[in-house]
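Heads up, the thing below is written out as structure tokens.
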Amino acid sequence: MKVIVDQNKCVASGQCVLSAPEVFDQREEDGIVVLLTETPPEHLADDVRQATALCPARVIWVEEQEQKE
Amino acid sequence: MNTISAPGTDAPSAEVSDYPMPRATGCPFDPPPALYMRQAQAPVSRVRLWDGSTPWLATRYEDMRTLLADPRISSDSTRPHYPHQGPGPKERRTQSRAFIAMDDPEHARLRRMATAAFSIKHVEALRPTIQKIVDGLIDTMLAGPRPVDLVQAFALPVPSLVICELLGVPYADHDFFQSNSKTLINRDTTREQARAATQRLIDYLDGTIGDKLAHPADDLLSTLAERVRAGELSRHEAADTGMLLLIAGHETTANMIALGTLALLQHPDQLAQLRESGDPQLVASAVEELLRYLTIVHSGRRRVALEDIEIGGQTIRANDIGNRDPADFPDPDRLDIGRNARHHVAFGFGVHQCLGQPLARVEPQVVYSTLYRRIPTLQLPVDLDGIPFRHDALVYGVYELPITW
Ligand code: HEM
Ligand code: SF4
């Protein structure tokens, strides 16, 4: 899984950090999202999907790499 | 995926009902019956407001999220069709808009000046302070007479002390700003009352910003004052932001504490589970569930459509009954502190989603994991009918909650 965020449109809600603290952090100066890893391990995939669904600004996307039919 | 569809640009019929609607007697925790009916039968339909205007009202969870995240929707309270909540609230939003009633890029510029203090890390660092405040107030209650009003003795002081510390406002002034904000969040406040209360609060915050310019400290108002000095923020914008945070910071959480305690007392099995578990994850999940179940900001998000958005109208309100949508929360009227309710819309959705949400989570987490453990025999000395609910306030809750032990 590959994760993409748009810092320009992030509103610093912190929802992603609550969902997946191993993957998302917030900038010290303004709380804007920081990606800790672009390719999180498989066991965090559900947490990342939750962050994507909860992000109020809709600025987190995931590309599923090995999609099975 | 739901799309929003409703009969084009129909002229409102005579049957358009007045909004807001009353809750059913005996069901103080449930939304008005008329809203359940709309959610089931007419999920996007018109209502009539206090001023005779007839905006669209959206009642389904998915529609609400879709609308609130739509960039064609505006929060700008100066737009002609903006659905104000009453003459008083309209006056306040005219005199002091703050970023809650602005659109991007203005909204983003101003919101970002306050976000650092509300990051997850910063708020987690406040947890020990919050715990100390909570324990101290419980000590005082236990040493005092019974019954006691939980609202005045505990529910209001907790968030008020916390937001004062965070902003750098002296708590000694709490009578002054609490009485003025109480005026502002009442639906029935007149224009004149609202104008006077807004002016008093703006003057107060402007004065405090002035103090911070002269004597900067380690608090949020000093950060805003620094921006004023740097020319990035006007003094007026700084005072508006401070006022928004001061009001939002205590009126809301206070009701989560008092109304949440009342709801738990009415569900003794859930209360016992919470008291006995000691599991921080269950406490966190209880807070999410009570945010959903109580939905204290109960009067709907207000927006103006900048373009036609499928539904053809101009003005839209999304009502938080989305939190009782059976499509997204199975058996939605049941309080179940073990369910996963994290996707609730109690904090709204879209770019205006609550800035204070980390604080609005940690404060009740500390309260729910402390109060019932320290006062295990906590109980109501009166019947539910004897409790004054805040039907007329923009933030729902109770005006008073007598408790004993
Ligand atoms: C349980 C407590 C709380 C609830 C249920 C709540 C709910 C909400 C909701 C529904 C909104 C969205 C308004 C809209 O979309 O028009 C909002 C916005 C906001 N809240 Fe809260 N809130 C709570 C606590 C707090 C606290 C403690 C603070 C902080 C001091 C705060 C500060 C704000 C601010 C500044 C906004 C405006 C955000 C923006 O427009 O970008 N809230 N809140
Ligand atoms: S959930 Fe979205 S808006 Fe909130 S901090 Fe994370 S990226 Fe930003």
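Please read these numbers as outputs of a predicted model, since none were measured by experiment. Quick note on labels: first sequence line is chain A, next is B, and so on, each numbered from 1.
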* Given that the side chain runs from C-beta out, which part of I32(A) has a heavy atom under 4.5 Å from chain B: side chain, backbone, both or neither? ->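 Looking at I32(A), just its side chain touches chain B.
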* Where does Q15(A) contact chain B at under 4.5 Å (heavy atoms): side chain, backbone, both or neither? ->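 Both parts, backbone and side chain.
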To the closest 0.5 Å, what do you measure between [atom1] ([X]) and [atom2] ([Y])?
X       : Y       : atom1 : atom2 : answer
H344(B) : L54(A)  : NE2   : CG    : 9.0 Å
I120(B) : S13(A)  : CD1   : OG    : 7.5 Å
D30(A)  : F118(B) : CG    : CZ    : 14.0 Å
K121(B) : R27(A)  : NZ    : CZ    : 12.5 Å
T66(B)  : R58(A)  : OG1   : CZ    : 6.0 Å

* Any side-chain heavy-atom pair from Q26(A) and T115(B) closer than 4.5 angstrom? -> no
* Asked: How about N340(B) and Q50(A): do any of their side-chain heavy atoms sit closer than 4.5 Å?
  ->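 Contact flag for N340(B)/Q50(A) side chains = yes.
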* Search all heavy atoms of G31(A) against all heavy atoms of S119(B) and return the closest pair with its distance. =>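 Minimum heavy-atom separation between G31(A) and S119(B): CA-CB, 4.4 Å.
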* Over all atoms of both residues, closest heavy-atom pair of R65(B) and A53(A) ->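 That would be NH2-O, 3.0 Å.
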* Asked: Would E28(A) and H122(B) count as having a side-chain donor-acceptor pair, cut-off 3.5 Å?
  -> yes
* Flag for R342(B)-S19(A): side-chain donor and acceptor within less than 3.5 Å ->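 Note: S19(A) and R342(B) side chains meet the donor-acceptor criterion.
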* Do the side chain of R111(B) and the main chain of V11(A) share a donor and acceptor less than 3.5 angstrom apart? -> yes
* Asked: Where do K9(A) and V351(B) land on the side chain to side chain contact (heavy atoms under 4.5 Å, CB included) test, with the steps shown first?
  -> CA-CA 8 Å; K9(A) 294 204 171 128; V351(B) 297; over 6 Å; no
* Asked: Is E29(A) atom CD crowded by more than 12 heavy atoms from other residues, nucleotides or ligands, each under 6.0 Å away?
  -> yes
